[in-house]
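Below is one structure; the comments refer to it alone.
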Number of protein chains: 2
Amino acid sequence: MFSKACKYAIRAVLYLAVHSSPENKVGVKAIAEDLQVPKHFLAKILQQLSRDQLISSVKGPNGGFYMADENLNVPMEKIIKSFDGMEVFTSCILGLPVCSAENPCPLHVQAFAYREGLYYQLQHQSIREMADRVKLQELKL
Amino acid sequence: MFSKACKYAIRAVLYLAVHSSPENKVGVKAIAEDLQVPKHFLAKILQQLSRDQLISSVKGPNGGFYMADENLNVPMEKIIKSFDGMEVFTSCILGLPVCSAENPCPLHVQAFAYREGLYYQLQHQSIREMADRVKLQELKL
DNA sequence: TTTATTTAAGACAAATGAGTCTTTTAATAT
DNA sequence: ATATTAAAAGACTCATTTGTCTTAAATAAA
Ligand code: SF4
Ligand code: SF4
């Protein structure tokens with residue numbers, strides 16, 4: 001479904017949403033260890049998230065990554081779009097050139113409803129809401 | 001979601017289900033051209049399908065690939081399993097080591113329904129049924 | 001101001017996936 | 001039997017993704 005980079009990104013953002021704040025920043029190393037993800041690869045991912053303003057960061061001593069308030073209000077969808085693009089939600093599951101209701105592929109009925117459902121959820125759920133659920137239900141990242 | 005090999009396989013099998021019979025076999029070339037898929041790559045895919053007895057084939061003049069009656073009764077699921085394995089349905093969407101209800105990942109609610117629903121459909125729909133729909137609704141492959 | 005610390009950037013390498021090409025094997029029509 | 005046809009097999013190349021490493025830039029504490 002999603003690329004590894006995208007999966008790591010989702011986990012990292014939720015991790016930051018749960019474990020960081022503007023007063024309490026977290027470094028790549030800590031995140032990588034906690035999530036059990038390749039450190040340098042994660043670093044690049046965090047950089048991209050930062051460039052896209054999905055997370056915040058400051059350099060230097062006591063620096064690190066964190067979620068600012070405005071970061072928490074964006075929908076989950078944005079993370080995925082940043083890494084895998086809109087295609088994961090729009091491109092045909094069978095790899096046909098175009099996905100349209102007029103020219104549906106054979107898996108249309110099966111696949112369409114589910115993909116749309118997932119997309120809807122990711123569009124309408126903010127990182128904050130999702131992170132709250134993670135905290136409340138003690139979900140593992 | 002699925003690998004290209006798997007997507008091509010699904011399309012090729014449905015193509016054969018619609019356009020072939022034991023009396024009317026089809027060669028790689030024709031399939032590749034109709035589906036607009038790399039010929040040699042498709043050849044390998046058809047070979048794998050044949051090895052796994054998901055399609056039938058005979059060599060030599062007037063030979064080619066076709067669907068025997070028993071091939072048509074297997075569920076769509078088998079094609080996917082043959083290429084991408086069960087993992088596409090069982091492995092965590094976020095790439096966590098284990099996917100379980102006790103230790104759910106943050107996307108659990110959103111993603112689980114999607115994947116399970118799709119899997120259920122693919123398990124309970126035979127190639128024949130799917131091909132019939134393709135014919136009836138004139139779906140494009 | 002210097003030094004330690006941490007992100008930013010980008011080159012590089014390894015692994016996987018996708019696609020191509022050539023040769024071998026089997027079937028069948030003549 | 002032989003020639004022809006088409007699948008089977010496997011080596012090979014190319015592209016993309018994933019992962020590593022090194023250096024630069026920024027910030028803050030000493
Ligand atoms: S199954 Fe239908 S709706 Fe889904 S991607 Fe293919 S064409 Fe589009
Ligand atoms: S979201 Fe939950 S159910 Fe889906 S793969 Fe991850 S852990 Fe499993």
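So you know, we letter chains A, B, ... as the sequences are listed, proteins then strands, and number each from 1. Values below: all heavy atoms of this structure, side chains included; hydrogens, waters and symmetry mates excluded.
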**Message:** Using a 4.0 Å cut-off on heavy atoms, which residues in residues 54-61 of chain A reach DNA chain C? List them by number, or say none.
**Reply:** S57(A), V58(A), K59(A), G60(A), P61(A)
**Fill in**
Rounded to whole Å, CZ of F65(B) lies from C1' of dT5(D) at a distance of 13 Å
**Prompt:** Are any of the side-chain heavy atoms of Y66(B) and I55(B) separated by less than 4.5 Å?
**Reply:** no
**Prompt:** CD of Q36(A): more than 12 outside heavy atoms within 6.0 angstrom?
**Reply:** no
**Asked** Separation of Q47(A) atom CD from dC21(D) atom P, in whole Å?
**Response** 16 Å
**Item:** Side-chain-base donor-acceptor pair under 3.5 Å for K44(A) and dG19(D)
**Value:** yes
**Message:** Rounded to whole Å, please give me the gap between CZ in F41(A) and P in dG10(C).
**Reply:** 17 Å
**Residues touching DNA chain C, which here means a heavy atom under 4.0 Å, drawn from residues 17-29 of chain A** = V26(A), G27(A), V28(A)
**Request:** Compare every heavy atom of Q53(A) with every heavy atom of N71(A), then report the nearest pair and how far apart it is.
**Result:** OD1-O, 3.1 Å
**Asked** Taking NZ from K4(B) and P from dT16(D), how many angstroms apart are they, rounded to a whole number?
**Response** 9 Å
**Asked** Does any N or O in the side chain of D84(A) come within less than 3.5 Å of the main-chain N or O of S3(A), such that one atom is a donor and the other an acceptor?
**Response** yes
**Message:** Could you tell me if the side chain of R51(A) sits less than 4.5 Å from the side chain of Q47(A), heavy atoms only?
**Reply:** yes
**Fill in**
The nucleotide from dT18(D), dA8(C), dA18(C) with an atom nearest the side chain of S50(A) is dA8(C)
**Asked** What do you reckon, is NZ of K29(A) surrounded by more than 12 foreign heavy atoms closer than 6.0 Å?
**Response** no
**Request:** Let me know the distance between CG of L49(B) and P of dA8(D), rounded to the nearest Å.
**Result:** 10 Å
**Prompt:** How would you label the contact of Y8(B) with the nucleic acid (heavy atoms, under 4.0 Å): base, sugar-phosphate, or nothing?
**Reply:** sugar-phosphate
**Asked** Taking CZ from F2(A) and P from dT18(D), how many angstroms apart are they, rounded to a whole number?
**Response** 13 Å
**Request:** Just do the side chain to side chain contact (heavy atoms under 4.5 Å, CB included) check on E129(B) and L72(B) with the steps written out, would you?
**Result:** CA-CA 8 Å; E129(B) 286 164 339; L72(B) 288 168; over 6 Å; no
**Message:** Distance check needed: dG19(D) P versus Q48(A) CD, whole Å only.
**Reply:** 15 Å
**Request:** When you get a sec, tell me which of dA9(C), dT18(D), dA8(C) is the closest nucleotide to the side chain of R51(A)?
**Result:** dA9(C)
**Message:** With side-chain hydrogen bond (donor to acceptor under 3.5 Å, both in side chains) as the rule and sequence neighbours excluded, what pairs involving residues 12-26 of chain A come up?
**Reply:** Y15(A)-D34(A), S21(A)-E23(A)
**Message:** Using a heavy-atom cut-off of 4.0 Å across all strands, would you classify K39(A) as base, sugar-phosphate, or nothing?
**Reply:** nothing
**DNA chain D: 5'-proximal contact among H40(B) and S3(A) (nearest heavy atom)** = H40(B)
**Request:** Test side chain to side chain donor-acceptor pair (under 3.5 Å) on S126(B) and N73(B) and set out the steps.
**Result:** CA-CA 5 Å; S126(B) 70; N73(B) 291 327; 5.4 Å; no
**Message:** If I take atom CG in residue L46(B) and atom P in nucleotide dA9(D), what distance separates them, rounded to the nearest angstrom?
**Reply:** 13 Å
